[in-house]
Amino acid sequence: MAATVRYDEVEQGQEIPAADYQVRRANLVMYAGASGDFNPIHWNERFARAVGLPDVIAHGMYTMAQAGRFLTDWAGDPGAVVDYGVRFSSMVVVPDDDEGATITVSGVVEEKLDDKRVLVGLTARSGDSRVLSRARAVVQLS
């Protein structure tokens, strides 16, 4: 599979439109099963509050995965992300209701690199909080 975004059609400074990803408690339970991370702060409200959290929080790696999904959706190829790193800067608090939380991810092409690759800077927010910082990826385009 090759990326559907063409290198010669992107410019430095180009914004990648934001996308919203809903997070509900069921998503966290499924992620816990897939990842093996069953820490109760990610599914047990009573435990999360007992350790000083405002409520159940999403796994950091789940949040990072949503930003990765944003990149692969944009590029059109799940193999296009060749380097990716973030720092976790805030929690995604997931209330126990029908809506849960929303992670909003946007990006900007920060630099055009050699070999049809671009450096993309990402912004990920939940509510008023920036949940990822120093989020950057190298993406191979066609």
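Just so you know, residue 1 is the first one in the sequence shown, and it goes up from there.
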Student: Indicate, with yes or no, if Val86 and Met91 share a hydrophobic cluster defined by side-chain heavy-atom contacts under 4.5 Å among Ile, Leu, Val, Met, Phe, Trp and Tyr.
Tutor: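 Per the 4.5 Å side-chain linkage, Met91 and Val86 are not co-clustered.
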Student: Tell me whether the count of non-hydrogen atoms from other residues, nucleotides or ligands lying under 6.0 Å of CG in Asp98 goes above 12.
Tutor: no
Student: According to side-chain hydrogen bond (donor to acceptor under 3.5 Å, both in side chains), does anything in residues 72-92 pair up with another residue at least two apart or in another chain? List the pairs.
Tutor: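 Found none.
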Student: Return each pair, listed once, that meets side-chain hydrogen bond (donor to acceptor under 3.5 Å, both in side chains) where at least one residue sits in residues 35-44; pairs must be two or more places apart or across chains.
Tutor: none
Student: Looking at residues at least two apart in the chain, or sitting in another chain, which of them share a side-chain contact (heavy atoms from CB on, under 4.5 Å) with Ala18?
Tutor: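 Counting only residues at least two positions away or on another chain, Ala18 forms a side-chain contact (heavy atoms from CB on, under 4.5 Å) with Thr104, Ser106.
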Student: Verify side chain to side chain contact (heavy atoms under 4.5 Å, CB included) between Ile103 and Val92, making sure each step is shown before the conclusion.
Tutor: CA-CA 8 Å; Ile103 300 169; Val92 176; 4.1 Å; yes
Student: Only pairs at least two apart or in different chains count here, so list each salt bridge (Lys or Arg N to Asp or Glu O under 4.0 Å) that has a residue in residues 52-66.
Tutor: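 Pairs touching residues 52-66 that pass the test: Arg25-Asp55, Arg49-Asp55.
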Student: Identify the heavy atoms of Pro17 and Phe70 that sit nearest to each other, and give their distance.
Tutor: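 Looking at all heavy atoms of both residues, the closest pair is O-CE1, 3.2 Å.
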Student: Show me the pairs that pass side-chain hydrogen bond (donor to acceptor under 3.5 Å, both in side chains) and involve residues 114-126, at least two apart or across chains.
Tutor: Arg117-Gln140
Student: Got a sec, which residues hit side-chain contact (heavy atoms from CB on, under 4.5 Å) with Ala65, two or more places apart in sequence or on another chain?
Tutor: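 Ala65 satisfies side-chain contact (heavy atoms from CB on, under 4.5 Å) with no other residue.
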Student: Listed by chain and number, what are the side chain to side chain donor-acceptor pair (under 3.5 Å) partners of Arg24, not counting sequence neighbours?
Tutor: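 Scan of Arg24 (side chain to side chain donor-acceptor pair (under 3.5 Å), adjacent residues dropped) gives none.
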Student: Val94 pairs by side chain to side chain contact (heavy atoms under 4.5 Å, CB included) with which of Asn27, Leu28, Ile57?
Tutor: Leu28
Student: Side chains of Ile41 and Val51: closer than 4.5 Å at any heavy-atom pair?
Tutor: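 In contact.
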Student: Hydrophobic side-chain clustering at under 4.5 Å (ILVMFWY, transitive links): who's grouped with Val138? Put none if nobody.
Tutor: Val82, Leu113, Leu119
Student: Are Val131 and Phe88 close enough, and set up right, to give a side chain to side chain contact (heavy atoms under 4.5 Å, CB included), and what steps lead you there?
Tutor: CA-CA 6 Å; Val131 295; Phe88 303 108; over 6 Å; no
Student: Sequence neighbours excluded, which residues qualify as side chain to side chain donor-acceptor pair (under 3.5 Å) partners of Gln14?
Tutor: none
Student: List for me each residue that meets ring-ring contact (aromatic ring centres under 6.0 Å, His included) alongside Tyr62, sequence neighbours excluded, and say none if there are none.
Tutor: Tyr31
Student: Can you list everything that forms a side chain to side chain donor-acceptor pair (under 3.5 Å) with Arg130? Sequence neighbours excluded, please.
Tutor: none
Student: Not counting sequence neighbours, which residues clear side chain to side chain donor-acceptor pair (under 3.5 Å) with Thr102? List them please.
Tutor: Gln22
Student: Taking the side chain as everything from C-beta on, heavy atoms only, tell me whether Val56 gets closer than 4.5 Å to Asp96.
Tutor: no
Student: Looking at every non-hydrogen atom in both residues, tell me the closest pair between Val93 and Pro95 and how far apart they are.
Tutor: O-CD, 3.4 Å
